[in-house]
There are 2 protein chains.
Amino acid sequence: MDLLVESRGKGVRMGDIAKLAGISRQALYLHFTTRAELLIATTIYLDEINNTDERLAASRNARSGPERLDTYIEAWGTYIPEIYGVAKALLAMKDTDDAASKAWQNRMQAMRHGCEAAIEALKDDGNLSPDYSPDEATDILWTLLSVRNWEQLTIECGWSQADYIRKMKQLARRVLVV
Amino acid sequence: MDLLVESRGKGVRMGDIAKLAGISRQALYLHFTTRAELLIATTIYLDEINNTDERLAASRNARSGPERLDTYIEAWGTYIPEIYGVAKALLAMKDTDDAASKAWQNRMQAMRHGCEAAIEALKDDGNLSPDYSPDEATDILWTLLSVRNWEQLTIECGWSQADYIRKMKQLARRVLVV
DNA sequence: TTTGTCAATTGACATCATGTCAAGTAACGA
DNA sequence: TCGTTACTTGACATGATGTCAATTGACAAA
């Protein structure tokens with residue numbers, strides 16, 4: 001996990017991980033039969049120690065739809081950099097490895113439910129833009145908040161983490177809230 | 001090119017390409033010394049036969065800033081599915097191969113200039129939202145229109161190509177135009 | 001004290017894709 | 001006829017994942 005986070009997922013081989021863990025490469029395979037499995041276990045572990053589910057669910061306590069949208073974006077936006085290294089490694093395997101692809105899809109579906117709930121809250125408040133159906137709005141929010149977009153805006157465009165969150169909230173409001 | 005476009009870039013090996021071209025794998029290496037080079041050459045060729053530059057530049061003729069934004073999104077959005085297979089293959093190599101990474105960055109910078117020009121036109125018209133500096137607005141438009149976002153919305157969310165373009169125009173206007 | 005189990009080790013090996021190298025061949029033009 | 005050019009065949013190196021077999025050392029139960 002340390003290695004993946006630190007090196008942003010790039011060039012981390014099974015041997016490197018074993019070395020850092022102080023065991024042989026083969027011993028690693030006794031615990032995780034494939035690289036994908038190791039990566040998946042790492043994300044699960046990472047979520048566990050970071051208390052991810054709870055932190056993401058905290059936006060439920062918001063009093064209004066727009067506030068809920070804000071807090072969800074804040075929670076998710078804070079979460080991304082913590083998992084970025086592992087996510088990136090998984091993302092890279094996604095296109096060739098079926099297990100990795102499914103694991104990633106699974107994580108992203110979970111995050112989509114958060115988006116869906118936020119949109120639902122907006123709708124219940126009567127604040128959802130009439131331009132979009134709840135499904136479409138969810139699609140848009142989900143895409144807006146993708147890890148790739150975070151990557152592009154912060155790493156390539158040089159936005160600070162604070163900028164990212166602030167601008168993302170503003171953007172989501174402009175698009176989705178009436 | 002056919003193979004890449006058709007198979008969406010997935011699992012296309014040098015041997016497969018050679019086979020389809022009716023030459024030996026080694027002969028392929030006489031023409032393109034690396035896979036990355038072949039992919040890069042393919043995108044250039046693809047752009048050439050598709051008259052990409054001209055089509056993307058056509059938005060210059062728009063009479064107003066917002067109209068220019070629309071036509072640019074239309075042109076770019078129409079372009080993406082045509083290059084998607086090759087783009088995807090290049091994208092997959094980006095994280096491990098330096099040449100591929102640079103080539104992709106290069107293409108994306110070119111596309112960024114289009115975004116920049118559209119934002120500039122908005123600003124000149126006094127239509128650019130005061131919430132964003134031109135740079136920020138360019139970052140946002142550039143990210144919004146990324147190939148990954150197109151991929152997510154059309155392939156994963158099931159939006160039709162027409163939906164994508166229509167909604168993207170609408171979204172960009174809501175975010176960027178005052 | 002013996003025996004069995006468990007986790008791990010060492011080292012060899014299969015696989016698969018990219019990329020390299022060497023020797024040979026068929027066509028074509030001067 | 002000679003030389004050049006594009007290509008062929010086939011062998012090989014590399015680097016990563018993943019597999020297999022034989023071995024070791026510790027610990028626990030009989």
Side-chain angles (χ1 to χ4, degrees), chain A residues 1-46 84-107, chain B residues 1-46 84-107:
Chain A
M1 188 187 78
D2 290 344
L3 204 51
L4 285 164
V5 169
E6 184 197 346
S7 63
R8 290 187 153 163
K10 247 180 232 179
V12 176
R13 292 160 301 186
M14 294 296 271
D16 300 328
I17 296 168
K19 203 173 184 180
L20 192 67
I23 59 173
S24 67
R25 190 172 70 90
Q26 286 68 12
L28 198 54
Y29 279 102
L30 294 176
H31 295 274
F32 308 96
T33 39
T34 65
R35 198 176 117 93
E37 195 184 315
L38 170 60
L39 255 32
I40 293 164
T42 308
T43 58
I44 292 172
Y45 176 63
L46 200 48
Y84 176 64
V86 185
K88 182 95 188 173
L90 210 49
L91 228 27
M93 289 194 75
K94 197 182 86 139
D95 293 323
T96 50
D97 188 287
D98 205 47
S101 164
K102 275 181 185 143
W104 180 256
Q105 255 177 37
N106 182 44
R107 304 298 306 150
Chain B
M1 189 187 77
D2 290 346
L3 203 51
L4 285 164
V5 170
E6 183 197 345
S7 63
R8 293 190 150 159
K10 248 180 230 180
V12 176
R13 292 160 300 186
M14 294 298 271
D16 300 329
I17 296 168
K19 202 172 185 180
L20 192 67
I23 59 173
S24 68
R25 190 171 69 89
Q26 285 65 13
L28 198 53
Y29 279 102
L30 295 177
H31 294 275
F32 308 95
T33 40
T34 65
R35 198 176 117 94
E37 195 184 315
L38 170 60
L39 290 177
I40 293 165
T42 310
T43 58
I44 292 171
Y45 175 65
L46 200 48
Y84 177 65
V86 185
K88 181 97 187 172
L90 210 47
L91 228 26
M93 289 194 77
K94 195 182 85 137
D95 292 323
T96 50
D97 188 287
D98 204 49
S101 165
K102 276 180 185 143
W104 181 257
Q105 255 177 36
N106 182 44
R107 304 299 305 149

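Proteins come first, then strands; the chains are lettered A, B, ... in the order of their sequence lines, and each starts at number 1. Treat the numbers as computed from the prediction; the structure is a model and nothing was measured.
Across every non-hydrogen atom of B:Ala99 and B:Ala36, the tightest pair is CB-CB, 4.2 Å. The two residues A:Asp16 and A:Gly11 come nearest to each other via the heavy atoms OD2-O, 3.5 Å. When every heavy atom of A:Met1 is checked against every heavy atom of A:Leu46, the shortest pair comes out as SD-CD1, 3.2 Å. When every heavy atom of B:Ile40 is checked against every heavy atom of B:Leu90, the shortest pair comes out as CG1-CD1, 4.3 Å.
Atoms CG (B:Asp16) and C1' (C:dA17) sit 11 Å apart, rounded to a whole Å.
Distance OG1/A:Thr42 to CD1/A:Ile17: 7.0 Å, rounded to 0.5 Å.
A heavy atom closer than 4.0 Å to some atom of DNA chain D occurs in B:Ile23, B:Ser24, B:Gln26, B:Ala27, B:Leu30, B:His31, these being the qualifying members of residues 17-33 of chain B.
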Next on the checklist: Under the criterion salt bridge (charged side-chain N to carboxylate O under 4.0 Å, His left out), I'd like the reasoning laid out for B:Asp95 against A:Lys88: C-alpha separation, chi angles, the key distance, then a yes or no.
Outcome noted: CA-CA 9 Å; B:Asp95 292 323; A:Lys88 182 95 188 173; 3.3 Å; yes
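Counting heavy atoms from C-beta on, the side chains of B:Arg35 and B:Asp97 never come closer than 4.5 Å. Looking at A:Trp104 and A:Met93, their side chains never come closer than 4.5 Å, going by heavy atoms from C-beta outward.
Contacts between chain B and DNA chain D, taken as any atom within less than 4.0 angstrom of a protein heavy atom, begin and end at D:dC7 to D:dA11.
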